[in-house]
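Take a look at the structure below.
Note that this is a predicted model, so its numbers are computed, not measured. The first residue of the sequence shown is numbered 1, and numbering continues consecutively from there. Each ligand, and each atom within it, is numbered from 1 in the order the structure gives.
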Amino acid sequence: MLIKLAVLFSGNGGNLENILEKLHQKTFGENTFEVVLCVCNKKEAYGIQRALKYGLNTKVIEHEKFTSREEFDAELVKTIKESQADLTVLVGFMRILSPVFTQEIKAINLHPSLLPLFKGAHAIQESYESDMKVAGISIHWVNEELDGGKIIAQKAFEKGKLNFEDFEAKIHALEHELLPEAIVQIFENN
Ligand code: GAR
């Protein structure tokens with residue numbers, strides 16, 4: 001089966017590039033994956049260059065140009081539906097999504113903490129600074145609650161004496177490992 005993916009991001013796009021490298025036009029078992037849509041809400045985002053390396057133009061939808069969250073979300077929904085994506089993947093898409101989006105789009109989100117701890121935009125910093133001995137990452141279904149949907153996959157590690165830079169690098173390395181695996185698994189289990 002051909003599985004069409006939409007990928008939404010806001011900045012660097014490291015996870016977008018990782019998906020393009022590992023899943024785009026690649027076959028796993030019965031399924032071949034294709035990224036049919038890249039969407040970004042920031043026109044200067046570096047991820048746009050990363051997508052271009054794979055011949056993909058990013059659709060820029062700037063949230064600032066909309067008068068309400070719902071109007072922005074409605075434009076996202078329209079764009080994603082037009083792409084006929086089977087799954088939407090949020091990788092550093094730093095927008096809170098309203099029910100206009102969450103009730104219409106089947107989406108997963110990558111989050112750099114062991115949810116339900118450290119929700120929101122500063123998870124890496126907060127998890128590093130906490131006195132917890134372990135940290136990690138989560139992939140979850142998107143629902144109307146910020147970083148609150150059912151957890152699909154997680155990976156944890158011992159913080160040890162890592163400095164912040166190495167801690168952050170460890171988080172991203174785990175993300176690059178786990179997210180493609182989780183996407184493949186979602187469709188294997190269907
Ligand atoms: C990732 O660490 C992702 O988990 C995080 O943004 C980063 C994006 O990196 N997402 C969130 O914090 C969502 N709340 P990237 O642009 O290099 O893929």
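If you run side chain to side chain donor-acceptor pair (under 3.5 Å) between Glu17 and each of His24, Lys22, Lys53, only Lys53 comes through.
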Subject >> Trace of the ring pair (Phe, Tyr, Trp, His ring centres under 6.0 Å) decision for Phe167 with Phe157 >> reply: CA-CA 10 Å; Phe167 178 82; Phe157 63 97; 5.6 Å; yes
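Annotation: ligand 1 has protein neighbours Asn12, Gly13, Gly14, Asn15, Gly92, Met94, Leu110, His111, Pro112, Gly120, His172, Glu175, each with a heavy atom less than 4.0 angstrom from the ligand.
Linking ILVMFWY side-chain heavy atoms closer than 4.5 Å, directly or via other members, places Leu174 and Phe164 in a single hydrophobic cluster.
Between Phe72 and Phe93, the ring planes are parallel. Angles under 30° get that label, and only those over 60° would be called perpendicular.
Neither side chain, Ser127 nor Ser113, offers a donor N or O lying under 3.5 Å from an acceptor on the other.
In summary, Lys42 and Glu62 do not engage in a salt bridge, as defined by a charged side-chain N under 4.0 Å from a carboxylate O.
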